[in-house]
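Chain letters run A, B, ... following the sequence lines, proteins first and then strands; every chain starts at 1.
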Amino acid sequence: MNRKVLNEKTIKDFQIKILSWYKINKRDFPWRKTTDPYFILVSEVMLQQTQAKRVVPYYEKFVKKFPTINDLADAKNSEVLLVWSGLGFNNRAIRLKEIAKTIQLNNGAAFPEKIDELLALKGIGNYTAAAIAAFAFNKKTVVIDTNIRRVLIHELHLSENISQKLLSEIALSVIPNGKSRIWHNALMDYGAMAATARLTNIKSKSKQSTFKGSEREVRGKILKLLLDEKKLTKAKLAELFLHENLEEIIRKMKTDGLVEERRGLITIIN
DNA sequence: ATCCGGATCC
DNA sequence: GGATCAGGAT
């Protein structure tokens with residue numbers, strides 16, 4: 001059933017190439033100085049679709065303000081959004097807080113270790129669940145982000161159209177025993193610094209529509225304004241933003257749990 | 001298949 | 001200016 005795709009020598013050479021490169025070139029990030037699953041969770045959610053370098057100051061502010069999962073669970077949404085402000089994809093912040101609340105409620109703040117339990121939390125998908133398993137618990141799990149996918153395709157000469165299933169089998173077959181944590185950090189650094197998207201010409205899987213002039217941009221501005229002003233009437237927003245779809249934009253922000261409306265007053269949910 | 005921020009790199 | 005960025009939910 002599972003035919004072996006790579007021979008032993010190919011695997012060994014690949015491991016040595018990546019790990020020796022990493023020894024010399026590795027990046028130093030604050031979330032690599034800990035194996036506490038709560039801190040790993042915070043970093044991984046922040047890192048979703050966001051350059052690692054840019055996450056660093058946000059991560060440090062965040063864990064200083066919310067040092068434990070209970071601190072985050074008990075925080076107000078507006079406090080969390082304020083620390084998050086500028087990082088983008090703001091519903092990640094709300095989801096992260098909800099995850100903290102769920103863990104606090106269900107497990108008495110005992111952090112779930114099984115992939116299935118992690119996947120059940122809204123805001124944690126395949127990548128983030130695997131990343132927590134690898135970086136917090138050093139589990140031999142298939143971790144594939146945009147960097148690792150590109151490195152595997154480039155270094156092992158795979159097709160860009162390779163199926164998720166086959167890529168996962170290959171990714172699993174090359175993890176050195178007992179070194180899941182360091183291995184996946186090494187692959188990511190190699191992808192981010194050596195086998196970059198530009199150099200390899202391998203296209204990214206996730207694409208985004210133009211941000212400038214988008215409704216997403218308006219959303220961001222509205223939220224930032226609310227963080228300053230605390231509350232605004234819908235009429236005032238209409239006056240400030242003059243957007244034909246303002247109603248729809250606000251509706252989505254409500255659906256995402258960012259804001260609520262009472263008697264024509266828009267506020268951040270607390 | 002689309003939507004969700006905003007900065008950073010060329 | 002455009003592509004990319006440690007993705008996820010619907």
Side-chain angles (χ1 to χ4, degrees), chain A residues 22 26-32 39-59 81-96 98-99 118-136 141-152 164 171 180-193 195-227 245 248-259:
Chain A
Y22 181 64
K26 66 177 166 187
R27 298 180 292 179
D28 186 30
F29 292 121
W31 50 87
R32 289 186 180 172
F39 294 139
I40 301 297
L41 167 69
V42 171
S43 70
E44 288 305 335
V45 174
M46 286 185 166
L47 285 161
Q48 290 167 3
Q49 286 289 284
T50 310
Q51 288 96 329
K53 201 166 110 186
R54 197 156 70 85
V55 168
V56 173
Y58 286 89
Y59 171 84
L81 285 169
L82 197 58
V83 179
W84 200 274
S85 182
L87 196 55
F89 288 153
N90 298 296
N91 52 31
R92 286 183 298 174
I94 302 303
R95 293 199 186 122
L96 182 54
E98 289 305 313
I99 290 169
L118 292 167
L119 281 175
L121 299 164
K122 192 178 294 184
I124 296 183
N126 280 311
Y127 163 74
T128 303
I132 292 170
F135 296 138
T141 315
V142 173
V143 184
I144 300 180
D145 74 324
T146 186
N147 290 306
I148 294 179
R149 169 178 168 274
R150 193 173 55 248
V151 170
L152 294 175
Q164 191 57 235
S180 181
R181 179 183 291 123
I182 186 177
W183 174 246
H184 290 107
N185 276 325
L187 283 177
M188 285 183 187
D189 281 6
Y190 190 82
M193 300 165 74
T196 62
R198 187 172 296 274
L199 286 174
T200 62
N201 205 22
I202 294 171
K203 307 308 283 179
S204 168
K205 291 287 267 189
S206 74
K207 297 189 198 333
Q208 294 183 26
S209 49
T210 315
F211 175 67
K212 187 70 183 151
S214 68
E215 297 188 359
R216 203 150 93 245
E217 183 179 29
V218 178
R219 267 179 67 134
K221 284 180 178 167
I222 291 175
L223 189 66
K224 199 160 282 186
L225 200 56
L226 284 170
L227 284 170
N245 289 335
E248 175 67 6
I249 292 171
I250 292 173
R251 192 191 61 71
K252 279 185 193 164
M253 294 179 77
K254 290 184 195 168
T255 305
D256 273 357
L258 290 169
V259 302

Participant: Using atom CG of A:N126 as one end and atom P of C:dG8 as the other, report the distance to the nearest whole Å.
Facilitator: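 Taking CG of A:N126 and P of C:dG8, I get 7 Å after rounding.
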Participant: Using whole Å, report how far CG of A:L199 lies from P of C:dC5.
Facilitator: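 Atom-to-atom, A:L199 to C:dC5, this comes out as 12 Å.
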Participant: Taking only side-chain nitrogens and oxygens of A:S206, does any of them come within less than 4.0 Å of OP1 or OP2 of C:dG7?
Facilitator: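 Checking A:S206 against C:dG7: no side-chain N or O falls below 4.0 Å of OP1 or OP2.
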Participant: Quick one: is A:Q49 getting a side-chain N or O under 4.0 Å of the C:dG7 phosphate, OP1 or OP2?
Facilitator: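 Indeed, a polar side-chain atom of A:Q49 lies that close.
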Participant: Return the nearest nucleotide to the side chain of A:K203; candidates are C:dG8, C:dA3, C:dA6.
Facilitator: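 Nearest to the side-chain atoms of A:K203, counting from C-beta on, is C:dA3.
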Participant: Taking side chain as C-beta onward, heavy atoms only, is A:I132 less than 4.5 Å from A:T128?
Facilitator: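 In short, these two side chains touch, coming nearer than 4.5 Å.
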Participant: Measure the shortest side-chain to side-chain distance between A:R95 and A:V45 over non-hydrogen atoms and say whether it is less than 4.5 angstrom.
Facilitator: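 Counting from C-beta outward, A:R95 and A:V45 never come under 4.5 Å.
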Participant: Can you tell me if the side-chain N/O atoms of A:N91 get under 4.0 Å from OP1 or OP2 in B:dC4?
Facilitator: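 Checking B:dC4 against A:N91, no side-chain N or O comes under 4.0 Å of OP1 or OP2.
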Participant: So A:D189 and A:K26, salt bridge (Lys or Arg N to Asp or Glu O under 4.0 Å) or not? Walk me through it.
Facilitator: CA-CA 6 Å; A:D189 281 6; A:K26 66 177 166 187; over 6 Å; no
Participant: A:Y127 side chain: which of C:dA6, B:dG6, B:dC4 is closest?
Facilitator: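 Ranking C:dA6, B:dG6, B:dC4 by closest atom to the A:Y127 side chain puts C:dA6 first.
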Participant: Atom NZ of residue position A:K254 - does it have more than 12 heavy atoms of other residues, nucleotides or ligands inside 6.0 Å?
Facilitator: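 Correct, the count exceeds 12.
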Participant: Name the residue closer to the 5' end of DNA chain B, choosing between A:K53 and A:M46 according to the nucleotide with the nearest heavy atom.
Facilitator: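 First, find each residue's nearest nucleotide; the 5'-ward one identifies A:M46.
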Participant: Can you find a donor-acceptor pair, distance only, under 3.5 Å between A:T50 side chain and B:dG5 base?
Facilitator: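 Answer yes: a donor N or O sits under 3.5 Å from an acceptor.
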Participant: Return the nearest nucleotide to the side chain of A:Q51; candidates are B:dT8, C:dA9, C:dG7.
Facilitator: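 Nearest to the side-chain atoms of A:Q51, counting from C-beta on, is B:dT8.
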Participant: Regarding C:dA6, can its base be found pairing with the side chain of A:R27 as donor and acceptor, where the two atoms are less than 3.5 Å apart?
Facilitator: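 Yes, a donor-acceptor pair under 3.5 Å.
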Participant: State which of C:dG2, C:dG7, C:dA9 makes the closest approach to the side chain of A:R198.
Facilitator: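 Output: C:dG2.
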Participant: Looking at A:R219, does any N or O in its side chain come under 4.0 Å of the phosphate oxygens OP1/OP2 on B:dG5?
Facilitator: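 For B:dG5, OP1/OP2 do have a side-chain N/O of A:R219 under 4.0 Å.
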Participant: Can you check whether A:T128 has a side-chain N or O nearer than 4.0 Å to OP1 or OP2 of C:dG8?
Facilitator: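 Yes, such a contact exists.
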Participant: If the P atom of B:dC9 is compared with that of C:dA6, how far apart are they to the nearest Å?
Facilitator: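 That atom pair is separated by 11 Å.
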Participant: Under a 3.5 Å cut-off for both distances, is C:dG7 Watson-Crick or wobble paired, and to whom?
Facilitator: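 Base partner found: B:dC4.
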Participant: Quick one: is C:dC5 close enough that its OP1 or OP2 comes under 4.0 Å of any side-chain N or O from A:R150?
Facilitator: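 Yes, such a contact exists.
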Participant: Heavy atoms from C-beta onward define the side chain here; which of B:dC4, C:dC5, B:dG6 lies closest to that of A:A197?
Facilitator: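 For A:A197, the side-chain atoms sit closest to C:dC5.
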Participant: With C1' as the reference atom in both, quote the distance from B:dC4 to C:dT4 in angstrom, rounded to an integer.
Facilitator: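 Rounded to whole Å, the distance is 16 Å.
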Participant: Identify which nucleotide among C:dA6, C:dG7, C:dA9 has an atom closest to any side-chain atom of A:K122, counting heavy atoms from C-beta outward.
Facilitator: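 Within the option list, the nearest is C:dA9.
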Participant: With a cut-off of less than 4.0 Å, is there a side-chain N or O of A:S204 near OP1 or OP2 of C:dC5?
Facilitator: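 So the side-chain polar atoms of A:S204 do come within 4.0 Å of the phosphate oxygens OP1 or OP2 of C:dC5, strictly under.
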Participant: Are more than 12 heavy atoms, taken from residues, nucleotides or ligands other than A:K207, located less than 6.0 Å from that residue's NZ atom?
Facilitator: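 Buried by this count: over 12 neighbours within 6.0 Å.
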